[in-house]
Number of protein chains: 2
Amino acid sequence: MAAFDSEDLLYDLADLFKMFADSTRVRILYALLDGEKNVGELADSLSMNQSAISHQLSVLKASKLVKARRDKKSMYYCLADDHVESIIKTGVEHVLEP
Amino acid sequence: MAAFDSEDLLYDLADLFKMFADSTRVRILYALLDGEKNVGELADSLSMNQSAISHQLSVLKASKLVKARRDKKSMYYCLADDHVESIIKTGVEHVLEP
DNA sequence: TGAACATATGAACAGTTGAACATATGATGA
DNA sequence: TCATCATATGTTCAACTGTTCATATGTTCA
């Protein structure tokens with residue numbers, strides 16, 4: 001087994017995967033692979049209302065998976081770091097295989 | 001964006017991550033990184049009752065993340081393939097970083 | 001075969017979660 | 001400043017999820 005206390009780690013790990021375990025959040029993160037987008041653009045491209053997207057963005061931000069910046073009236077969100085991309089890609093690999 | 005219809009993929013992806021989004025299931029999968037274990041051993045090492053473990057194992061098996069074989073009275077479970085390990089490790093990397 | 005062991009299954013319950021709606025906050029520019 | 005646009009937040013509710021308890025199924029070996 002691992003050298004550190006793995007129990008805490010595994011609870012954190014489950015919490016991390018929870019962020020990817022909802023289709024709305026995954027679709028948001030996937031859309032952001034292209035680059036930053038504002039709330040309205042995300043709502044349009046996912047065909048969901050603004051409130052639902054905003055709620056999920058706040059959850060993702062609290063988990064530090066996305067970052068936000070303001071430009072004029074709009075809030076632009078982007079992926080917080082490269083890990084997000086690699087987690088998605090590792091998952092995609094699994095889903096796409098026989 | 002991707003060349004295939006990414007919508008179905010992303011729902012499958014969320015379903016995949018759901019399996020890792022519960023601490024009991026993550027702990028089971030993590031324990032199985034060591035090699036196969038039977039239901040009683042898993043229940044002992046996670047300090048949970050047999051029924052809870054069995055329920056989660058059936059979920060994991062339905063998602064093809066674990067495989068089972070019988071030996072005498074016991075059912076031994078192991079990880080279904082290497083992807084499971086790489087998904088966990090990619091997640092661990094993220095959790096362990098500043 | 002039948003007792004004992006190991007695991008699976010079913011039902012019920014509490015806790016959690018995501019979406020919708022309504023409304024509030026905040027920024028912009030006339 | 002005020003109307004408007006863009007986003008955030010609070011609340012409610014239905015749906016989902018994981019655990020527990022009770023019981024069933026299935027296997028082994030005397």
Side-chain angles (χ1 to χ4, degrees), chain A residues 7 10-32 35-80, chain B residues 7 10-32 35-80:
Chain A
E7 282 305 297
L10 294 177
Y11 284 94
D12 291 346
L13 193 56
D15 285 341
L16 171 65
F17 284 125
K18 273 191 188 102
M19 291 301 109
F20 296 85
D22 171 71
S23 60
T24 299
R25 285 192 295 272
V26 167
R27 294 199 298 153
I28 289 173
L29 294 171
Y30 193 83
L32 295 180
E36 67 175 10
K37 290 188 173 53
N38 66 37
V39 180
E41 289 169 339
L42 286 168
D44 284 350
S45 78
L46 305 199
S47 301
M48 292 186 64
N49 71 54
Q50 175 269 323
S51 176
I53 299 296
S54 185
H55 271 292
Q56 295 303 343
L57 283 169
S58 81
V59 169
L60 290 168
K61 194 180 166 201
S63 298
K64 299 196 197 296
L65 295 179
V66 301
K67 288 189 292 194
R69 74 175 179 88
R70 176 176 288 280
D71 181 45
K72 314 264 175 162
K73 296 177 191 166
S74 298
M75 292 294 291
Y76 283 86
Y77 285 83
C78 64
L79 301 182
Chain B
E7 282 305 297
L10 293 177
Y11 284 94
D12 291 347
L13 193 57
D15 286 341
L16 171 65
F17 285 125
K18 274 191 188 103
M19 291 301 110
F20 295 85
D22 172 72
S23 60
T24 300
R25 285 192 296 270
V26 166
R27 294 200 297 154
I28 289 172
L29 294 171
Y30 193 82
L32 294 180
E36 67 176 9
K37 291 189 173 51
N38 66 38
V39 179
E41 289 169 339
L42 286 168
D44 284 349
S45 77
L46 305 199
S47 301
M48 293 186 64
N49 73 53
Q50 175 269 322
S51 178
I53 300 296
S54 186
H55 272 293
Q56 295 302 343
L57 283 169
S58 80
V59 169
L60 289 169
K61 194 180 166 201
S63 298
K64 300 196 196 298
L65 294 180
V66 301
K67 288 190 290 193
R69 75 175 179 87
R70 177 176 287 282
D71 180 45
K72 314 265 175 163
K73 295 175 193 166
S74 298
M75 292 293 292
Y76 283 85
Y77 284 83
C78 64
L79 301 182

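Worth knowing before you read on, the calculation uses all heavy atoms, side chains too, and leaves out hydrogens, waters and symmetry mates. Below, read A as the first sequence line, B as the second, and so on, with proteins coming before strands; counting in each chain starts at 1.
In this structure, the CG atom of Leu60(B) is 14 Å from the P atom of dT17(D), given to the nearest Å. In this entry the distance linking CD of Gln56(A) with P of dA8(D) reads 13 Å, nearest Å. Taking atom CZ of Arg70(A) as the reference point, atom P of dT7(D) lies 8 Å away to the nearest angstrom. As rounded to whole Å, 16 Å separates atom C1' of dT9(D) from atom CD1 of Ile53(A). One interatomic measurement links the two molecules: NZ of Lys73(B) to P of dC29(D), which rounds to 7 Å at whole-angstrom precision. For the pair Met48(A) CE and dT7(D) P, the computed distance is 16 Å after rounding to whole Å. Between the CD atom of Glu41(A) and the P atom of dA6(D) there is a distance of 11 Å, rounded to whole Å. One atom, CG of Asn38(A), and another, P of dG26(C), lie 20 Å apart when rounded to the nearest Å.
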Please tabulate, one pair per line, all N/O donor-acceptor pairs under 3.5 Å involving side-chain atoms of residues 15-23 of chain A, not counting sequence neighbours.
| residue | atom | partner | partner atom | Å |
| --- | --- | --- | --- | --- |
| Asp15(A) | OD1 | Lys18(A) | NZ | 3.1 |
| Asp22(A) | OD2 | Thr24(A) | N | 3.1 |
| Asp22(A) | OD2 | Arg25(A) | N | 3.1 |

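Ser74(A) has a side-chain polar atom (N or O) that falls below the 4.0 Å cut-off from OP1 or OP2 of dT7(D).
Figure legend. dT16(C) is base-paired to dA15(D); pairs are counted as Watson-Crick or G-U wobble with both atom distances under 3.5 Å. Of the nucleotides present, dA30(D) is the one that pairs with dT1(C) by Watson-Crick or G-U wobble criteria, both distances under 3.5 Å. In a base pair of the Watson-Crick type (N1 to N3 plus N6-O4 or O6-N4) or a G-U wobble (N1-O2 and O6-N3), with each distance short of 3.5 Å, dC5(D) is matched with dG26(C).
Listed nucleotides: dT7(D), dC29(D), dT17(D). Nearest to the side chain of Met75(A): dT7(D).
Within 4.0 Å of Ser54(A), counting heavy atoms only, lies at least one base atom of the nucleic acid. Residue Tyr77(A) is in sugar-phosphate contact alone, with no base atom involved, counting any heavy-atom pair closer than 4.0 Å across all strands shown.
The backbone N or O of Ile53(B) sits nowhere less than 3.5 Å from a side-chain atom of Gln56(B) that would complete a donor-acceptor pair. No donor-acceptor pair closer than 3.5 Å links the side chain of Ser63(B) to the backbone N or O of Leu60(B). Judged purely by atom type and a 3.5 angstrom limit, Arg69(B) has no side-chain atom pairing as donor or acceptor with the backbone of Asp71(B). Distance alone, capped at 3.5 Å, is enough to place a donor-acceptor pair between the Asn38(B) side chain and the Glu41(B) backbone. Using a distance-only test at 3.5 Å, with no hydrogens or angles considered, a donor-acceptor pair links the side chain of Lys37(B) to the main chain of Ala31(B).
Considering all non-hydrogen atoms of both residues, His55(A) and Ser58(A) come closest at O-OG, 2.9 Å.
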Below 3.5 Å between N/O atoms, which protein atoms pair up with nucleotides 21-24 of chain C? Just atom names and distances, please.
| residue | atom | partner | partner atom | Å |
| --- | --- | --- | --- | --- |
| dC21(C) | N4 | Ser51(A) | OG | 2.5 |

